[in-house]
**Student:** 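Structure incoming, see below.
Whatever order the structure lists ligands and atoms in, that order sets their numbers, starting from 1.
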Amino acid sequence: MKKIICMCGIVAVTGYKKALPLLINGLEKLEYRGYDSAGIAVINPDTKNIICNKAEGKLTNLLNNISNKHIHGTVGIGHTRWATHGKPEVKNAHPHIDSSGKVAVVQNGIIENYQELKDKLEKEGIRFNSDTDTEVIPHLIQKELLALNKLNLEKNGSTLLVALRNVISDLEGSYALAVLWADAPDSLVVARKQAPLIIGLGEGEFICASDTPAIANFTKIILPLEDEEIALLTPLGIEIYDSNNERQYRNPIHLHVSEQVIDKKDYKHYMLKEIYDQPDTAKYWIEKFLFKDSKTGQYQIDYPFDTEFFESIERIEIVACGTSKHAAMVGSFLLEQFSGIPTNVFYASEFRYSPPPLLPNTLTIGVTQSGETADTIAAINMEIKRRSSMSDEKYKPNLVAITNRMESSIGRQISNIIDIGAGVEIGVAATKTFFAQLLSFYGLAIKFAQIKGTQNNEIINQLISELTKLPPLIEELLEKHNKTSEKLAHDFFNIKDVIFLGRGINYPIALEGALKLKEISYIHAAGYPAGEMKHGPIALLDKKVPVISIATPGVVFDKVISNAQEAKARDSYLIGIAPECKGTEIFDYLMMIPETNEWISPLLAIVPLQLLSYHIAAHRGLDVDQPRNLAKSVTVE
Ligand code: F6R
């Protein structure tokens with residue numbers, strides 16, 4: 001079956017205030033989730049009609065469309081879309097409306113059986129206006145409403161709730177939905193299944209959104225909808241029901257402070273600001289997770305799980321995607337080489353369909369900054385399911401999640417959680433959250449090494465001491481390399497291919513450097529373990545292909561330098577991410593990093609690479625924060 005994949009951001013409001021400004025503010029904050037098209041629908045309180053407006057491309061196009069229109073209803077829904085199927089055209093933009101014009105729907109997710117439902121509706125004479133999966137929903141709701149009308153149910157929000165509940169029982173896939181019905185003009189019905197939806201509670205009004213930044217300006221009190229829940233919202237209150245139609249009552253929660261701050265300050269792009277946030281990211285980790293035991297004088301890691309939890313673990317499996325996978329690879333290196341625990345890292349999307357055989361006493365770690373990546377969540381769920389079914393205690397699930405979003409699906413699902421606390425990241429390319437994920441792994445590696453006794457106190461203290469020095473070191477690197485990378489970007493903004501090399505603990509940094517460059521500058525880049533070059537990729541090299549080599553003193557330093565020599569012999573321009581020391585004179589250009597303990601070198605090497613990618617993309621005049629075809633949270637497989 002062909003899938004329409006839509007990650008998207010949705011926002012919906014009901015209350016006494018004008019809906020439009022709240023919708024627009026929410027959509028602006030959600031644009032990082034997709035920016036192929038945007039749309040809003042508001043119920044006109046006078047005519048009881050739905051006013052809908054949509055535009056292709058970014059939100060500004062929608063704003064231009066509606067700038068001189070008077071849209072003054074208090075109940076509305078909005079959407080910003082990311083699609084890979086079909087062109088991002090106005091007809092495919094949300095909201096989607098049924099043939100009577102009375103029901104409007106926005107959706108985030110994917111309706112897997114939409115074709116079957118669509119075929120059926122078409123046979124019944126319904127005409128479709130879009131190529132999306134979503135459009136089946138308003139038509140199905142309208143059909144249900146007609147059926148309920150025959151039962152003499154009143155035209156109000158409760159009836160809409162019943163209609164949507166009946167419809168979602170026929171939907172396969174994942175979704176977060178918000179629905180308006182012109183005949184119930186103060187009501188909003190929302191539902192979710194494997195896609196996030198959070199309700200913000202204001203005074204006499206409610207705003208629902210895919211993510212907290214869309215809510216933060218409006219209220220600090222939120223109620224995340226749980227999986228498979230459905231809710232009716234009116235200015236008078238909320239009714240939430242679970243999948244068994246049981247009414248749910250629970251206390252709202254307060255928004256995390258870091259969830260509320262979205263400020264670009266004076267930076268040209270969020271990405272640059274977020275690169276510059278990294279000294280604070282390091283400070284946060286040091287203050288939150290490192291403490292000195294007053295009796296022993298020894299530093300300890302304060303992760304929220306007890307010692308017994310670590311003692312029983314014999315091996316670790318990590319699931320993650322994209323940049324989070326690269327952080328997990330550094331983590332795996334540390335956990336094996338520093339703490340002595342056999343560790344494997346998997347792409348979450350691969351793990352789901354080819355999981356390794358079950359082994360006892362295994363810790364499964366899910367790494368996801370957004371906490372919403374569908375493949376990572378599905379991989380974790382699968383692991384919970386297959387391990388929970390085992391009778392032997394040794395095979396039961398042991399889980400840890402590393403996330404930046406405690407309110408996210410993973411944050412609410414898993415109790416052993418490391419909150420990386422990097423603050424909301426708006427740039428689609430992950431920077432400070434990668435840095436914070438790395439730090440979380442240093443903490444885990446130290447904790448395991450202490451508990452398992454795989455390193456002596458002196459070595460552990462030395463590593464901890466290096467970690468405490470990070471904030472000023474990162475500040476210096478930013479100071480030094482913002483200008484140097486801008487200059488390099490001027491020379492290299494037109495290149496077509498770049499090769500990144502690293503070995504050992506810095507091989508994942510080569511992969512991450514390449515990912516950063518390609519995703520925001522659209523320049524082809526590939527990362528390799530430096531020793532692999534001669535087994536094929538070296539054929540790519542000539543004077544048009546620069547090589548960026550991470551060469552930090554340690555076990556493989558001499559090897560990396562000889563691999564760089566091999567590239568130089570093929571006329572490649574060589575950029576070194578390395579200290580100024582014997583051997584690094586071979587680089588045509590040195591992006592200097594300080595000489596430190598090899599274990600912490602990834603935390604330093606990544607900074608110049610982030611800056612270089614940023615400046616190359618900015619120099620090319622590209623939309624650094626919202627690169628084409630990407631979105632910040634990938635909520636579908
Ligand atoms: C790249 C990037 C993506 C994400 C990936 C996983 O800069 O941001 O590769 O790392 O989509 O996202 P999370 O960490 O939210 O699971």
**Student:** Pairs of nitrogen or oxygen atoms, one from ligand 1 and one from the protein, closer than 3.5 Å: please tabulate them with distances.
**Tutor:**
from, atom 1, to, atom 2, distance (Å)
ligand 1, 7 (O), Thr323, OG1, 3.3
ligand 1, 7 (O), Ala430, N, 2.9
ligand 1, 7 (O), Lys516, NZ, 2.9
ligand 1, 7 (O), Glu519, OE1, 3.1
ligand 1, 7 (O), Glu519, OE2, 2.6
ligand 1, 8 (O), Val428, O, 3.4
ligand 1, 9 (O), Thr323, N, 3.2
ligand 1, 10 (O), Thr323, N, 3.0
ligand 1, 12 (O), Thr373, OG1, 3.4
ligand 1, 14 (O), Ser324, OG, 2.5
ligand 1, 14 (O), Gln369, N, 2.8
ligand 1, 15 (O), Thr368, OG1, 3.4
ligand 1, 15 (O), Ser370, N, 2.9
ligand 1, 15 (O), Ser370, OG, 2.6
ligand 1, 15 (O), Thr373, OG1, 3.3
ligand 1, 16 (O), Thr368, OG1, 2.7
ligand 1, 16 (O), Thr373, OG1, 2.4

**Student:** Output all residues satisfying side-chain contact (heavy atoms from CB on, under 4.5 Å) with Phe333, sequence neighbours left out; order by chain, then residue number.
**Tutor:**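 Checked Phe333 against side-chain contact (heavy atoms from CB on, under 4.5 Å); matches are Gln337, Ile505, Trp599.
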**Student:** Could you tell me which residues satisfy side chain to side chain donor-acceptor pair (under 3.5 Å) with Thr433, sequence neighbours excluded, listed by chain and number?
**Tutor:**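 Side chain to side chain donor-acceptor pair (under 3.5 Å) list for Thr433, sorted by chain: Glu425.
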**Student:** Establish, yes or no, whether the cationic atom of Lys325 lies under 6.0 Å from the six-membered ring centre of Tyr347 and within 45° of the ring axis.
**Tutor:** yes
**Student:** Looking at Tyr35 and Gln626, would you say the former's side chain and the latter's main chain have a donor-acceptor pair under 3.5 Å?
**Tutor:**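 The answer is yes, because a donor-acceptor pair under 3.5 Å joins these two groups.
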**Student:** As an exercise, state the distance from OH of Tyr267 to NE2 of His269, rounded to the nearest 0.5 Å.
**Tutor:** 14.0 Å
**Student:** What pairs meet the ring-ring contact (aromatic ring centres under 6.0 Å, His included) rule with one or both residues in residues 490-518, with sequence neighbours excluded?
**Tutor:**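 Residue pairs with at least one partner in residues 490-518: His490-His619, Phe492-Tyr573, Phe493-His619.
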